[in-house]
Amino acid sequence: MSHPVPENLFAAMQAEVAAALRGLLPGLPEDVAARVQVEPPRDPAHGDMATNAAMLAAKPAGRPPAAIAADLAERLRALPAVADAAPAGPGFVNLRLKDAAIRGQIPVILQRGEAYGDSRLGGGVRVDVEYVSANPTGPMHVGHCRGAVVGDALANLLAKAGWAVTREYYVNDAGAQVLALAYAAYWRYLQALGTPLTEEEYAQSIPGGLQYRGDYLIPVGEAIKARFGDELAPGAMPAPVTDWLEPVRDMTVGLMMQAIREDLAALGVRHDVFVSERALVEAGMLDRAEALLAGKGLIYRGVLDAPKGKLPEDWEPREQVLFRATRFGDDTDRPLRKSDGSGTYFANDIANHLDKIARGHEAIVHVWGADHGGYVKRMKAAVQALSDGAVSFEVVLTQIVHVLRGGQPVRMSKRAGTYVTLRDLIEEVGRDAVRFTMLTRKADAQMEFDLDRVIEQSRDNPVFYVQYAHARCRSVLRQAGDPPAAALAEAELSHLSDPAEMALIRKLAAWPRTVEAAALAREPHRIAFYLQEVAAEFHGLWNKGREDATLRFIREDEPEATRARLALVAATAIVIRSGLAVMGVAPVEEMR
RNA sequence: GGACCCGUAGCUCAGCUGGAUAGAGCGUUGCCCUCCGAAGGCAAAGGUCGUGCGUUCGAAUCGCGCCGGGUCCGCCA
């Protein structure tokens, strides 16, 4: 990083303020200067940046904040980038930067391209981001979609902010549900062979009944027949489970995962690794995890108290193998083994997390549906126990998406045929609209997804609004013959002086800071909001050009001013693309 | 009974991890387009931030108690 101009103006100023504060108050504890914040003030009239340094330092320094603010302002005024610094309010120091310092971001943006905003904040920490992890028991539906988009965007965001990210999908291919799936696929296989049995006869003959009756297993049955003939069901009649379970299960899970991968690809969601629950258990990871915890004295045999409130009908006290999750803040200890000796889902997931740790991850982030909220504490406890607190564990919960059409709720019913698969959704509104819209709400807030609204071409559709801004940028640049960024970076930027132009540049200069804040908060939706603000500034400038011809981007009679404005337009397009890239949305060249 | 999430303008939602007079879009109201950049633009009205205490120089933000909504709660995943 040998840029003479800092890429993150706020971080650079934070360092300056901290240094000035140390110079002013030599005895100040180091952590006070480090905690100093430099942020854009809520009210733009207060300047470009404001710092709370004087208020933080007041108590340890034993001086009133206003006095410190006055002294600090004087020092900051001497900085070359600062036009003015003034104490204000309860002890803020407001800073106004010189226009030249703000404009200086334009060549930086043009040089860095879409890498503008990349940060080292994450320090290369190896983080495992697990998302989707839908059970391989059927095609993906809209319920999976939000987690997929949020997880993918969060992984992009953390990578941009300097974390070393592994994108992981945990395949739940070991539990009772997969067994039920195998039975269901076996039924379709019997049908393919022309079995005389009726569905109900078959359903009654298997444990738990026929749980997955969807049509999507018909091709699976055909595929099993194509591979095995009637070998697994001689005479088209059910054979003993042990004769067919493994091949049927493996083939079915394989085909389901293939379908899921295709759905994910259609949504543009990527994963680096697919970790199989079954493979982990077979490799002995569960036993390893249990032994590890036992070695720490965290495993015991015991009987849990009955849950309060409504009791399950078949409740009876039972001795179980338990993990001392309460030692790490959980509400109760948690069972690890089912009565047949196999691992509970939780136990297998502990194995999964031991595997993540063993692969060298220092941080684990999950994206889960809100219905898994009750599972967070125990898993956090497990990771703490496994890593002796060295590996962090966080969960981003996503709330339900209500699908609407023209303001009316779309009923989600498999039977009525109104069940919305992920594929249907993408085909109807397009991948980019799906992704962008899924990021226009905080993950843990419920969201309405109106199929008509998200493809509407109007101001109140953020997808359109942001894409339109980029298309307008591109349109202007095309009209000017697409000058190369290097040429634009040489433009004489003092031609950019209108308040609307400066406001746009300020907004662009906030991109690196936005990336860092969003990454720290694990909140990719902030990128969507930021891009709407950039688009609003740009459209505002465009609109001014409609009324005031001297503000148009291209002016035949003013080649130097035109070049400066083209530089601004090109920088705007770059920042929008950089943000869309985090969201996994493709920028458009023109609106159609 | 308990745990977790949520409660901000008529509606849908932001609010940069404790800062200054709480924001945006929609909707409402009022202006603006014969034409050169109107799939629109400008402006206004609209909030005791569910509620009551507390911590703090300072609270929508942190803590506790209520009220309201959601999710979950022993060998399902």
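Chain letters run A, B, ... following the sequence lines, proteins first, then strands; residues in each count from 1. Below, each value reflects all heavy atoms present in this structure, side chains not excepted, and no hydrogens, waters or symmetry copies.
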Nearest 0.5 Å please: distance from the CD atom of Glu533(A) over to the OG1 atom of Thr514(A). 7.5 Å
How close or far is atom C1' of C4(B) from atom CG of Asp330(A), stated in whole angstroms? 11 Å
Nucleotide of U71(B), C13(B), C75(B) approaching Asp371(A) most closely (side-chain heavy atoms): U71(B)
Pairing of RNA chain B as dot-bracket, 5' to 3': ( ) intra-strand, [ ] crossing, | other strand, . unpaired, with Watson-Crick or G-U pairs under 3.5 Å? (((((((..((((.....[...)))).(((((.......))))).....(((((..]....))))))))))))....
What's Tyr468(A) touching, base or sugar-phosphate or nothing? Going by heavy atoms closer than 4.0 Å. base
When the P atoms of G10(B) and G74(B) are considered, how many whole Å apart are they? 41 Å
Shortest side-chain distance from Pro41(A), nucleotide among A77(B), G74(B), A20(B): A20(B)
Touch class at under 4.0 angstrom, heavy-atom based, for Arg552(A) against every strand present: base
Syn or anti for U17(B) (syn when the glycosidic angle lies within 90° of 0): syn
For residues 341-352 of chain A, which residue pairs qualify under salt bridge (Lys or Arg N to Asp or Glu O under 4.0 Å), counting only residues two or more places apart or in two chains? none
Picking from A77(B), G15(B), A20(B), the nucleotide nearest the side-chain atoms of Asn94(A) would be A20(B)
A3(B), A77(B), C16(B): which one has an atom nearest the side-chain heavy atoms of Tyr375(A)? A77(B)
Between C1' on C75(B) and CG on Asp349(A), what's the gap in Å once rounded to a whole number? 16 Å
Are Lys442(A) and C13(B) close enough that a side-chain N or O sits under 4.0 Å from OP1 or OP2? no
Do Tyr530(A) and Arg526(A) have a side chain donor and acceptor closer than 3.5 Å? no
Nucleotide nearest Glu39(A) (side chain, heavy atoms from C-beta), chosen from G15(B), U17(B), G70(B): U17(B)
Closest nucleotide of RNA chain B for Gln399(A) versus for Leu551(A): which of these residues is on the 5' side? Leu551(A)
Rounded to whole angstrom, note down the C1' distance from G18(B) over to C62(B). 8 Å
What's the gap between U51(B) and C16(B) when it is taken at their C1' atoms, as a whole Å value? 27 Å
Can you check whether Phe393(A) and His353(A) have ring centres sitting under 6.0 Å from each other? yes
Does Val429(A) have any side chain to side chain contact (heavy atoms under 4.5 Å, CB included) partners at least two apart in sequence or in another chain, and if so, which? Ala433(A), Val434(A), Phe449(A), Leu451(A), Val454(A), Ile455(A)
Within the distance-only criterion (no hydrogens, no angle test), does the side chain of Asn52(A) pair as donor or acceptor with the backbone N or O of Met55(A) below 3.5 angstrom? no
Side chain to side chain contact (heavy atoms under 4.5 Å, CB included) involving Leu121(A) - partner list, sequence neighbours excluded: Ser119(A), Trp163(A), Glu516(A), Leu520(A)
Residue whose closest nucleotide on RNA chain B lies nearer the 5' end, Gly374(A) versus Asp444(A): Asp444(A)
Within residues 505-520 of chain A, which residues have any heavy atom lying less than 4.0 Å from an atom of RNA chain B? Arg513(A), Ala517(A)
Close aromatic pair by centroid cut-off 6.0 Å: Tyr465(A) and Phe529(A): no
Applying salt bridge (Lys or Arg N to Asp or Glu O under 4.0 Å), which residue pairs with at least one partner in residues 54-63 of chain A are found, sequence neighbours left out? Arg63(A)-Asp71(A)
Provide, to the nearest angstrom, the distance between the CG atom belonging to Leu397(A) and the C1' atom belonging to G70(B). 12 Å
Considering only atom P, compute the distance from U12(B) to C57(B) and round it to an integer number of Å. 39 Å
Determine the interatomic distance between C1' on U48(B) and the same-named atom on G7(B); round to the nearest Å. 16 Å
What nucleotide, of G74(B), C76(B), C75(B), holds the atom closest to the side chain of Pro335(A)? G74(B)
Side-chain atoms of residues 319-329 of chain A: list all donor-acceptor pairs with protein atoms under 3.5 Å, sequence neighbours left out, distances to 0.1 Å.
{"residue": "Glu319(A)", "atom": "OE1", "partner": "Arg301(A)", "partner atom": "NE", "Å": "3.1"}
{"residue": "Arg324(A)", "atom": "NE", "partner": "Gly297(A)", "partner atom": "O", "Å": "3.3"}
{"residue": "Thr326(A)", "atom": "OG1", "partner": "Asp333(A)", "partner atom": "OD1", "Å": "2.7"}

Rounding to an integer number of Å, can you tell me how far Leu541(A) CG sits from G40(B) C1'? 16 Å
Ignoring the backbone of Gln37(A), work out which of C13(B), A39(B), U17(B) is nearest its side chain. U17(B)
Please report the distance separating the C1' of G46(B) from the corresponding atom of G58(B), rounded so that it comes out in whole Å. 27 Å
Return the value, rounded to whole Å, for the distance between atom OH of Tyr465(A) and atom P of A38(B). 15 Å
Please check the phosphate of A24(B) (OP1 and OP2 only) for any side-chain N or O of His539(A) closer than 4.0 Å. no
Give Gln532(A) one of three labels, base, sugar-phosphate or nothing, depending on what nucleic acid heavy atoms sit under 4.0 Å from its own. nothing
In whole angstroms, how far is the C1' atom of U12(B) from the CG atom of Leu404(A)? 11 Å
Not counting sequence neighbours, which residues clear side chain to side chain contact (heavy atoms under 4.5 Å, CB included) with Arg96(A)? List them please. Asp48(A), Ala83(A), Asp84(A)
Would the Phe92(A) and His46(A) ring centres measure less than 6.0 Å apart? no
Distance check needed: U71(B) C1' versus Met447(A) CE, whole Å only. 17 Å
Contacts of Asp432(A) meeting side-chain hydrogen bond (donor to acceptor under 3.5 Å, both in side chains) (sequence neighbours excluded), chain-then-number -> none
Students often get this wrong, so: under 4.0 angstrom with heavy atoms, is Ala521(A) touching a base, only sugar-phosphate, or nothing? base
Of the listed nucleotides (A3(B), G41(B), A77(B)), which one gets closest to any side-chain atom of Asn543(A)? G41(B)
Out of A20(B), A39(B), U17(B), whichever nucleotide has its closest atom nearest the side chain of Met591(A): A39(B)
The side-chain hydrogen bond (donor to acceptor under 3.5 Å, both in side chains) partners of Ser578(A) (sequence neighbours excluded) come to Lys160(A), Trp511(A)
Separation of the P atoms in A20(B) and A3(B), to the nearest angstrom: 33 Å
Asp173(A): partners by salt bridge (Lys or Arg N to Asp or Glu O under 4.0 Å), with sequence neighbours left out: none
Looking only at side-chain atoms of Arg441(A), point me to the closest of A14(B), G19(B), A20(B). A14(B)
Please measure how far the C1' atom in C4(B) lies from the corresponding atom in A14(B), and state the result in whole Å. 23 Å
For atom CZ of Phe92(A) and atom P of G19(B), their distance in whole Å: 8 Å
Tell me which residues in residues 53-63 of chain A put a heavy atom below 4.0 Å from RNA chain B, sorted by number, or none. Met55(A), Lys59(A)
